[in-house]
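Just so you know, these numbers use all the heavy atoms, side chains as well, and skip hydrogens, waters and symmetry mates. Chain identifiers are assigned alphabetically (A, B, ...) following the order of the sequence lines, protein sequences preceding nucleic acid strands; residue numbering begins at 1 within each chain.
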Number of protein chains: 2
Amino acid sequence: MTRTVFEKADIVPMIAEVFRELGYEGATMSRITSRTGISKGSLYYFFPGGKEEMAAEILAEIEEWFVRNVFEPLEREEPQAAVQKMWREVDAYFRSGQRICLVGAFALDETRDRFAAKVAEYFRSWIDSLRAALVRSGASAESAAALAEETVGGIQGALILARALRDERVFARAVASHAERITKCMQPL
Amino acid sequence: MTRTVFEKADIVPMIAEVFRELGYEGATMSRITSRTGISKGSLYYFFPGGKEEMAAEILAEIEEWFVRNVFEPLEREEPQAAVQKMWREVDAYFRSGQRICLVGAFALDETRDRFAAKVAEYFRSWIDSLRAALVRSGASAESAAALAEETVGGIQGALILARALRDERVFARAVASHAERITKCMQPL
DNA sequence: GTCTATACTTTGATAGAC
DNA sequence: GTCTATCAAAGTATAGAC
């Protein structure tokens, strides 16, 4: 008989994927168990606080990932290169539109209220780091703020559309369009 | 003792609001009862099929509302006026960003699969009727298709951002920005 | 048509064997 | 650390009084 030993670093992403597929309320312990192969006993061993603790840790890990791979590069590295990196990372992270943004999904219903600070922080950080990169590249404060907000919102909307229409090309087109607008903004006449 | 008598035409919007607030999985019969004041007995009297039947009727009513107030005007009326009407109706419908789009929320998790046809139809109709209006106003087929898709996606993304940041001005800015881009597209040089 | 009471299922959470 | 067994609470759905 084989016996799988899990490590928390491995199971957080597995559970995160179930939350993405089913949402916070739809992700019951039974469904998490059946989709990950991790028994209820093990789940409560790692997360004594149950679903709420799981979701909190998932949100923390998502935030960390974006800080390291997107937000900090936008704030510290050369703007053009950092924006290019953002698009690469975003396309990979959201599987070219086949994977949703859990933070955005949480924002839509009252799940938001459970994790209000984390949800707001994620989007605030993304918009602000992108805005800062645009400003450093020479964009005006106003156009940078507007474009950053529209870009982050546009990504979220494209994820909804791509899933609703079952057509990931919608996501690709949105990324291409927003990338072009950013490029133009960074290369003023 | 007062006894409230409900009509289906009245209760569908009430239940729809609970689904918007809590999502499909989060909207349990008990919570629907407590938030609407309609007992479980009455709910099952009107919807023998339970939650699934409720959601199906809600989606049908949403679709009807958008067809009548947004999609058909875009297809039949003078393009500029119809687009202006669309922005008025959208702002009112989504309460200036304080109310989410239930169809978009359903699209994000596996609730989509229960109502796949309705979810896809809603966004396909919106994008296509807006695209048609842009074409009739003189826009090129390519730019009309791209702008229509970006506009509908942008609205969805703005609803997520506005809720996440608890700032409805995000929605107002997105509407203003997309409205301006459409106006420019409809008045080619 | 409304409601309460009830049956049955699923969920969240715990205890204890291994 | 894993798992199964178990329980109280909450879920869906039904029946029947009014």
Extract all donor-acceptor atom pairs below 3.5 Å that involve side chains of residues 72-88 of chain B and protein atoms in other chains or at least two apart in sequence.
from, atom 1, to, atom 2, distance (Å)
Glu78(B), OE1, Ala81(B), N, 3.0
Glu78(B), OE2, Gln80(B), N, 3.1
Lys85(B), NZ, Glu89(B), OE2, 2.8

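What separates CG of Leu43(A) from C1' of dT2(D) is a distance of 11 Å, to the nearest Å. For the pair Phe6(B) CZ and dC3(C) C1', the computed distance is 11 Å after rounding to whole Å.
When the side-chain contact (heavy atoms from CB on, under 4.5 Å) test is applied to Tyr93(A), the partners found at least two apart in sequence or on another chain are Arg20(A), Ile62(A), Trp65(A), Phe66(A), Arg99(A). The side-chain contact (heavy atoms from CB on, under 4.5 Å) test applied to Ser42(B) returns Ile38(B), Ser39(B), not counting sequence neighbours. Shown here are the side chain to side chain donor-acceptor pair (under 3.5 Å) partners of Glu61(B), two or more places apart in sequence or in another chain: there are none. Residues forming a side-chain contact (heavy atoms from CB on, under 4.5 Å) with Ala144(A) (at least two apart in sequence, or on another chain): Arg131(A), Leu134(A), Val135(A), Ala139(A). Partners of Asp91(A) under the side-chain contact (heavy atoms from CB on, under 4.5 Å) rule, at least two apart in sequence or in another chain, are Ser96(A), Phe171(A).
A close approach under 4.0 Å does occur between a side-chain nitrogen or oxygen of Ser42(B) and OP1 or OP2 of dT2(C).
DNA chain D lies under 4.0 Å from at least one heavy atom of each of the following residues of residues 49-56 of chain B: Gly50(B), Lys51(B). Of all the residues in residues 12-38 of chain B, Thr28(B), Met29(B), Ser30(B) reach under 4.0 Å from DNA chain D with at least one non-hydrogen atom.
Between Gly157(B) and Gln156(A), the shortest heavy-atom contact is CA-CB, 4.1 Å. Scanning both residues, Arg163(A) and Asp109(B), for their nearest heavy atoms gives NH2-O, 3.1 Å.
Among residues at least two apart or in separate chains, salt bridge (charged side-chain N to carboxylate O under 4.0 Å, His left out) pairs with a member in residues 145-160 of chain B are Arg173(A)-Glu149(B), Glu150(B)-Arg181(B). Applying the ring pair (Phe, Tyr, Trp, His ring centres under 6.0 Å) test to residues at least two apart or on different chains, the pairs with a partner in residues 8-36 of chain A are Phe19(A)-Tyr24(A), Tyr24(A)-Phe106(A), Tyr24(A)-Phe115(A).
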Between protein and nucleotides 14-18 of chain C, what N or O pairs are separated by less than 3.5 Å?
none

Show me the protein contacts with nucleotides 7-9 of chain D, counting only N or O atoms at under 3.5 Å.
none

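One finds a salt bridge joining Arg35(B) and Glu110(A) here, because a Lys/Arg side-chain nitrogen approaches an Asp/Glu carboxylate oxygen to under 4.0 Å. Using a 4.0 Å cut-off between a side-chain N of Lys or Arg and a carboxylate O of Asp or Glu, Glu121(A) and Arg124(A) qualify as a salt bridge.
With hydrogens and angles left out, the side-chain atoms of Ser143(A) and Ser140(A) include a donor and acceptor closer than 3.5 Å.
Among dC3(C), dG1(C), dG1(D), the nucleotide with an atom closest to any side-chain atom of Val5(B) is dG1(C).
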